[in-house]
4 protein chains.
Amino acid sequence: MKPLHPTVQACAAATQRFEGVFTPIITPFGDDGTINEEGLRRNVARWMTTPLTGLVVLGSNGEAPQLDDAEADWLIDIVRSEVPSGRPLIAGTGRESTKATIAATRRAAAAGVDAVLVRTPSFFKSQMTTDVFVRHYTEVADASRVPVLLYNVTMFTGVSLAPEAVEMLALHPNIAGMKDSGSDIGQIAEYVARTPDDFTVLAGSATTLFHAFCAGCDGTILALATLVPREIVSMKALLDEGRLDEARALQRRLMPLARSVGGLHGVPGLKAALELMGFAAGPPRPPLRPVSPQTRDLLREQLDALGALEKVPILRN
Amino acid sequence: MKPLHPTVQACAAATQRFEGVFTPIITPFGDDGTINEEGLRRNVARWMTTPLTGLVVLGSNGEAPQLDDAEADWLIDIVRSEVPSGRPLIAGTGRESTKATIAATRRAAAAGVDAVLVRTPSFFKSQMTTDVFVRHYTEVADASRVPVLLYNVTMFTGVSLAPEAVEMLALHPNIAGMKDSGSDIGQIAEYVARTPDDFTVLAGSATTLFHAFCAGCDGTILALATLVPREIVSMKALLDEGRLDEARALQRRLMPLARSVGGLHGVPGLKAALELMGFAAGPPRPPLRPVSPQTRDLLREQLDALGALEKVPILRN
Amino acid sequence: MKPLHPTVQACAAATQRFEGVFTPIITPFGDDGTINEEGLRRNVARWMTTPLTGLVVLGSNGEAPQLDDAEADWLIDIVRSEVPSGRPLIAGTGRESTKATIAATRRAAAAGVDAVLVRTPSFFKSQMTTDVFVRHYTEVADASRVPVLLYNVTMFTGVSLAPEAVEMLALHPNIAGMKDSGSDIGQIAEYVARTPDDFTVLAGSATTLFHAFCAGCDGTILALATLVPREIVSMKALLDEGRLDEARALQRRLMPLARSVGGLHGVPGLKAALELMGFAAGPPRPPLRPVSPQTRDLLREQLDALGALEKVPILRN
Amino acid sequence: MKPLHPTVQACAAATQRFEGVFTPIITPFGDDGTINEEGLRRNVARWMTTPLTGLVVLGSNGEAPQLDDAEADWLIDIVRSEVPSGRPLIAGTGRESTKATIAATRRAAAAGVDAVLVRTPSFFKSQMTTDVFVRHYTEVADASRVPVLLYNVTMFTGVSLAPEAVEMLALHPNIAGMKDSGSDIGQIAEYVARTPDDFTVLAGSATTLFHAFCAGCDGTILALATLVPREIVSMKALLDEGRLDEARALQRRLMPLARSVGGLHGVPGLKAALELMGFAAGPPRPPLRPVSPQTRDLLREQLDALGALEKVPILRN
């Protein structure tokens with residue numbers, strides 16, 4: 001296995017390998033629908049000034065299902081070149097077939113990512129049994145040079161990785177953890193309970209983040225953290241100190257924006273919010289459409305209420 | 001728009017353009033996981049001896065989500081060369097982005113298919129509104145040289161094309177019809193009720209085929225028709241003559257196999273059944289796995305009960 | 001077993017015992033919330049002038065779950081005294097416990113009803129297995145002097161009587177048939193397929209009535225038939241003659257009212273529609289509330305479009 | 001309003017009126033299916049020796065939907081006479097109609113209960129809107145001499161009390177709190193966030209109790225607390241001290257029994273477990289059936305693993 005960059009190694013040696021607060025980054029497009037490379041570089045440079053642990057490229061919020069392989073490879077190259085080796089970079093590489101997933105994983109590893117986040121295949125839902133998932137992820141992890149993170153995202157896939165499947169897969173030396181994007185806290189607690197302490201369980205739902213941390217999650221990969229990274233990092237810190245009431249109050253303060261960006265307005269909402277903060281975002285790729293002006297105004301209010309518009313740089317793309 | 005081959009044109013002039021009994025064909029793989037070209041040619045040649053109206057290549061049963069674009073293009077070429085111009089050939093070309101869907105549609109049209117079957121994009125489920133679907137299909141139909149068929153397959157996509165969306169899209173001159181793979185008969189009846197008589201509504205669920213025909217479907221694209229084409233053609237004929245009781249009895253006779261192949265055992269079940277009948281099928285592509293020997297035995301019994309094993313040719317791949 | 005009245009017996013001897021078109025009658029309340037006896041007598045007398053096969057008292061549309069036992073007993077007495085013995089009267093007697101169901105069944109039989117319609121118990125949903133349902137209905141049927149009809153109404157109970165359960169219960173000599181209020185046509189077809197020809201399967205959903213008849217239902221217990229009895233009787237007759245297209249067209253004509261009364265506006269909608277037609281209805285019992293004036297206007301339009309307001313008697317309660 | 005007994009008043013003055021750990025008690029039946037009065041008295045006396053805050057009679061676990069009004073009234077009398085006035089007694093009084101709910105509430109108040117727990121009406125599901133719930137509970141609370149607790153139990157009712165409804169109802173001076181039996185932690189957090197600090201929110205799901213406490217619940221009404229009251233009381237205490245890890249570990253230890261009694265085996269499982277511990281329970285009322293011997297053995301193991309069988313008194317009913 002390829003050596004991890006120093007800080008992650010140190011961290012892994014201590015407790016967990018991918019704990020912390022990650023954010024899945026958007027893919028900025030120009031008005032012609034192609035990737036806005038320069039905007040992306042600026043975005044990444046700005047995120048590097050925050051306390052975020054690291055970034056995830058080609059996640060759902062990166063519109064990965066709408067990109068072709070050439071675009072995907074290029075994106076990783078751009079982002080890797082902007083993320084210093086002291087900050088972990090994770091790439092989404094899940095595909096419907098095991099073969100295509102392995103191919104994408106190998107390309108990402110070759111491009112220097114620190115881990116891959118592999119969402120469950122899901123098209124043939126009634127065939128997606130625990131046995132099928134265990135074989136799929138085992139083959140991918142066997143073939144991957146970098147650690148694999150499982151990715152359960154039922155709201156998009158319509159399937160769910162059973163705690164039994166995760167329990168078995170956590171035994172694989174190259175499967176380092178998982179992300180669950182759901183808000184079924186009982187299920188998240190099961191993932192935590194059935195896996196070893198050094199298996200990282202990352203939360204992915206902004207509206208139930210506090211509850212997922214209480215349930216034992218080691219960190220999060222969260223779209224909301226793109227907008228308010230300090231708040232998310234601080235919620236985890238409060239809970240680590242047993243300051244339950246303060247952490248719960250922070251969750252409440254985040255709720256309006258968490259609802260808008262996580263669920264209601266999806267990637268178009270996240271892109272609109274980022275534009276309001278001065279990031280390069282551009283329109284989502286069709287069939288996704290930009291949010292309405294009303295939604296944009298609402299997002300502005302919600303960002304403002306959290307003080308997220310205060311330090312917006314003046315220059316724009 | 002490219003001229004349709006003579007029989008379909010004649011048919012279209014009379015009543016419907018894509019009425020009849022179609023089957024979505026499987027993609028046979030060799031033991032090394034690559035497409036078995038020679039087996040595929042033999043399969044198509046054999047289906048051409050049946051009363052099937054035409055074929056669908058790259059449908060869900062063709063494991064389309066697991067194939068790459070080069071494989072998909074090659075498949076169309078092979079099948080087109082085996083299907084005479086008097087028999088319609090439809091290709092599945094749905095992708096997550098509008099752009100990729102249009103590209104796949106153009107390649108399929110250039111390869112000579114008579115129509116494209118475009119499943120709904122579905123990844124970002126909460127964004128898949130009627131407005132988004134109408135824009136997506138309109139752009140695809142505008143850009144396509146061949147007629148477009150809408151494809152609603154909720155069991156795989158987790159989203160549903162509202163009757164309102166279909167009603168609007170049916171006005172587009174290049175949208176000729178739709179397939180619905182569900183078993184919600186009330187919804188299918190709505191599609192029929194809200195669209196003009198020359199808009200083809202095709203059923204896709206074997207366990208409720210009789211009911212969908214009663215509800216007014218003009219035909220079907222049915223995996224089960226790959227196995228028992230005569231029975232499916234004859235059910236439609238019985239209903240066209242008002243012989244309700246006989247058609248209902250035929251549906252009952254088909255139920256055990258309909259349940260196995262349509263739902264319970266999916267593509268792996270269909271492939272196993274086809275192998276038992278002497279077709280080239282091979283294993284499904286992982287993460288899909290072949291059915292168990294017990295399921296294989298059950299399928300043999302169910303095929304045998306319908307007389308489908310009687311005329312199995314001796315030669316095998 | 002108590003002898004059935006002559007016409008039903010004749011019918012039963014021939015083919016089915018409770019085939020035909022029944023309607024579940026509402027319970028008219030006065031402004032003080034008590035039962036409007038005189039209005040009820042007038043309603044029943046008027047229904048007796050229609051081609052309805054018979055009536056169901058204490059069904060869901062009769063607000064049975066909101067009545068106490070004394071009211072229920074009194075209702076049966078009133079209605080029985082207005083329904084001539086040549087027209088079958090069925091009473092709803094389902095309760096949560098087997099014991100209370102048997103007691104209610106015995107009281108109804110003693111009051112002279114021709115059969116009882118027993119909805120599934122449902123409170124402890126995860127315990128409501130096929131085994132539990134089979135024991136419950138067997139004990140009720142053993143204890144009942146009149147034939148028992150099973151009643152599956154998932155939209156209200158959240159549980160469903162599996163086709164396997166119905167198949168077993170249909171063997172009981174005192175279980176004459178069933179009503180299913182759902183719109184899952186595949187499931188209704190299963191009930192028909194798995195039970196003997198003399199076991200009556202009655203449909204209960206107005207929006208899918210045509211489809212349920214196609215699937216083999218012997219009749220219906222339908223709220224909509226309270227409003228347009230002739231149309232419902234005629235749909236069945238058309239299908240018995242194989243006139244599929246005309247029956248389907250009639251279903252379409254009925255759809256707007258079928259949606260309003262069956263689902264959207266429930267009992268309050270049905271009561272408002274009946275008042276518009278000159279029946280005694282009054283307000284529903286709280287927590288149910290009367291429909292809004294807007295809904296009332298919509299119902300008037302929908303009734304008018306079907307010619308149901310033409311022959312409204314002038315005198316009112 | 002009737003004065004509350006001293007300790008509850010004191011407590012209410014300070015922070016919450018019904019915070020703490022309550023248990024819904026079962027209704028023990030003899031072999032003839034009637035209430036086992038003497039067994040019930042012994043059970044209550046034994047629970048009074050535990051640290052439970054108080055008891056709930058006529059909850060779902062008391063098989064309330066299967067009892068008639070006379071039995072219900074008698075039960076309250078028996079239990080009230082065994083529960084000293086220093087321990088709060090709550091009675092379930094929810095019915096389908098507002099009128100019957102008010103009548104049951106008045107009888108319970110007259111019999112001396114300290115509060116009533118009123119489950120949502122639920123039969124006519126699509127009519128059960130926020131507006132309908134707010135009117136229903138307002139009328140009940142207006143008419144009740146004792147404080148009213150709202151009861152949302154979607155697993156049994158199939159309907160859900162929206163946070164908006166609870167927010168409005170929390171303003172009523174006679175609505176003191178609520179119980180939610182679900183495991184949707186996000187929704188429970190909403191109830192807490194939208195209501196004043198002196199509005200009690202009680203959890204009801206054993207498998208997610210820890211998470212509900214983290215989310216801010218003031219206490220619980222929990223079937224599991226009938227079996228292991230000390231453990232439940234201690235989980236709340238650990239969380240009040242910010243000892244998150246210990247509380248989470250305790251939840252894990254309770255999980256096997258929590259799953260068995262709360263969900264999988266329902267009231268029959270709870271009754272079997274109580275019999276194993278030496279309580280009077282007897283069979284559940286049909287259609288409910290006793291658990292299988294296998295389940296009984298499993299429950300014995302699960303109780304034993306928690307040390308709950310150690311102090312079982314020798315004398316039995």
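Convention: sequence-line order gives letters A, B, ...; per-chain numbering from 1.
- Minimum interatomic distance between B:E96 and A:P287 (heavy atoms only, all atoms of both residues): O-CD, 3.1 Å.
- Interface residues of residues 64-72 of chain B toward chain A, defined by a heavy-atom distance below 4.5 Å and sorted by number: B:P65, B:Q66, B:E71.
- Residues of residues 132-140 of chain B lying under 4.5 angstrom from chain A, judged on non-hydrogen atoms, are B:V132, B:R135, B:H136, B:E139 by number.
- In this structure, the side-chain contact (heavy atoms from CB on, under 4.5 Å) partners of A:T23, at least two apart in sequence or on a different chain, are A:I25, A:L52, A:L55, A:A225, A:T226.
- Interface remark: of the candidates B:G266, B:P284, B:S126, B:G266 forms the most heavy-atom pairs closer than 4.5 Å to chain A.
- Legend: salt bridge (Lys or Arg N to Asp or Glu O under 4.0 Å) pairs involving residues 262-272 of chain A, not counting sequence neighbours, sorted by first then second residue: A:E63-A:K271.
- Looking at A:P286, both its backbone and its side chain come within 4.5 Å of chain B, counting heavy atoms on both sides.
- Closest non-hydrogen pair, A:S97 versus B:R285, comes out as CB-CD, 4.1 Å.
- The environment of CZ in B:R300 is crowded: more than 12 heavy-atom neighbours from other residues, nucleotides or ligands sit within 6.0 Å.
- Residues B:F123 and A:F156 share a closest heavy-atom pair of O-CD2, 3.0 Å.
- Heavy atoms from other residues, nucleotides or ligands lying under 6.0 Å from CG of A:D31 number 12 at most.
- Open room surrounds CZ on B:R106; 12 or fewer heavy atoms of other groups in view lie less than 6.0 Å from it.
- When every heavy atom of B:K125 is checked against every heavy atom of A:G158, the shortest pair comes out as CE-N, 4.5 Å.
- Looking at B:S60, the atoms closer than 4.5 Å to chain A (heavy atoms on both sides) sit in the backbone and in the side chain alike.
- With a threshold of 4.5 angstrom between heavy atoms, B:M155 approaches chain A through N, CA, C or O but not through any side-chain atom.
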